[in-house]
Engineer: 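This structure is in structure tokens; I'll ask about it shortly.
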Amino acid sequence: MTLRPILIHPDPRLKKPCPPVTEFDAELRKLAEDMLATMYDAPGIGLAAPQVGVIRRVIVMDCMKAPEPPRPMVLINPQVIAASQATSTYEEGCLSIPDQYADVTRPAEVTVRWQDLDGAEQQDHFTGLWATCVQHEIDHLDGKLFIDYLGPIKRQMITRKMEKLKRDRARA
Ligand code: ZN
């Protein structure tokens, strides 16, 4: 397993709509393993391929909280096929936007269809934090970040902070 560097917003690769995965090969398996390791190391509860610079429709997540056993999930070509009318609001963050958090309102429950690493179709119903997380990660595959749900002033403020963070890191 290799930890991969996580891109920090703003970065053009985080704004790109990702094409679907068509090859279910060893390279995909390696990508998924690396993404899970990178997510756990961060630590985070979700990570999308574009965040490590791979413009393909792959997400990983694990919203279990210790002492519950981990539940690593790999979703290839995930699609929300049904969403509840009821919404819920969570304070979201993002590994590509470190230390910035804001309330985002989304459907409280979603049904998602995806392919596993063998290309087999899977489907599950997500609630609570899992529902928020899977929607946040699928957004990444369409070039959308959680700050895109905020007003322009708040979004600009966060973007400026990230530009400064990147300048500081480049100088270090
Ligand atoms: Zn994110």
Side-chain angles (χ1 to χ4, degrees), residues 1-21 28 31-65 70-80 83 87-110 112-114 124 126-166 168-169:
M1 273 177 303
T2 315
L3 297 181
R4 303 200 186 193
I6 298 174
L7 300 182
I8 303 298
H9 164 75
D11 188 299
R13 288 167 287 181
L14 294 172
K15 303 301 292 178
K16 281 201 176 132
C18 301
V21 169
L28 180 66
L31 172 68
E33 279 176 12
D34 288 356
M35 283 174 62
L36 277 169
T38 303
M39 178 191 82
Y40 285 124
D41 179 71
I45 59 171
L47 188 69
Q51 292 181 276
V52 293
V54 177
I55 310 304
R56 279 202 267 162
R57 302 189 82 81
V58 179
I59 65 174
V60 297
M61 55 179 194
D62 185 349
C63 300
M64 298 301 261
K65 286 194 181 99
R71 188 192 173 201
M73 293 192 78
V74 177
L75 287 71
I76 317 289
N77 302 327
Q79 260 184 302
V80 174
T87 58
S88 67
T89 302
Y90 270 96
E91 190 177 57
E92 294 191 22
C94 180
L95 293 177
S96 293
I97 311 175
D99 301 321
Q100 303 298 319
Y101 302 92
D103 281 350
V104 177
T105 299
R106 302 179 184 271
E109 301 188 12
V110 287
V112 178
R113 189 177 289 160
W114 71 93
D124 205 350
F126 294 94
T127 62
L129 183 57
W130 286 91
T132 288
C133 184
V134 74
Q135 291 174 80
H136 173 121
E137 300 310 330
I138 291 174
D139 273 354
H140 273 296
L141 307 181
D142 297 317
K144 192 165 184 182
L145 302 172
F146 83 89
I147 55 170
D148 294 326
Y149 291 90
L150 311 179
I153 292 170
K154 183 113 202 250
R155 187 166 59 239
Q156 264 176 29
M157 204 180 73
I158 292 176
T159 299
R160 285 207 196 98
K161 278 186 192 162
M162 292 302 103
E163 284 167 342
K164 180 172 187 308
L165 175 76
K166 287 172 79 168
D168 292 347
R169 282 189 182 180

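Start at 1 and go down the list; that is how both ligands and their atoms are numbered.
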Engineer: Around the Zn ion (ligand 1), how many protein N, O or S atoms are there at under 2.8 Å?
Structural biologist: 3
Engineer: State, yes or no, whether a side-chain contact exists between Q51 and L14 at a heavy-atom distance under 4.5 Å.
Structural biologist: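 Yes. Closest side-chain heavy atoms under 4.5 Å.
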Engineer: Tell me which one of I147, I97, D99 satisfies side-chain contact (heavy atoms from CB on, under 4.5 Å) with M162.
Structural biologist: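 With M162 as partner, I147, I97, D99 yield a single side-chain contact (heavy atoms from CB on, under 4.5 Å), made by I97.
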Engineer: What's the separation between atom OG1 in T2 and atom CD in E33, rounded to the nearest 0.5 Å?
Structural biologist: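 Interatomic distance, T2 OG1 to E33 CD, rounded to 0.5 Å: 9.0 Å.
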Engineer: Applying the salt bridge (Lys or Arg N to Asp or Glu O under 4.0 Å) test to K15, which of D142, D139, D148 qualifies?
Structural biologist: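 So the option named by the test is D148.
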Engineer: Taking all non-hydrogen atoms of both residues into account, name the closest pair between V112 and P78 and its distance.
Structural biologist: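 Minimum heavy-atom contact is CG1-CB, 4.1 Å.
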Engineer: Is it possible for you to check whether K154 lies under 6.0 Å from the centre of the six-membered ring of Y149, through NZ or CZ, and within 45° of that ring's axis?
Structural biologist: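 No, cation not above the ring by the 6.0 Å, 45° rule.
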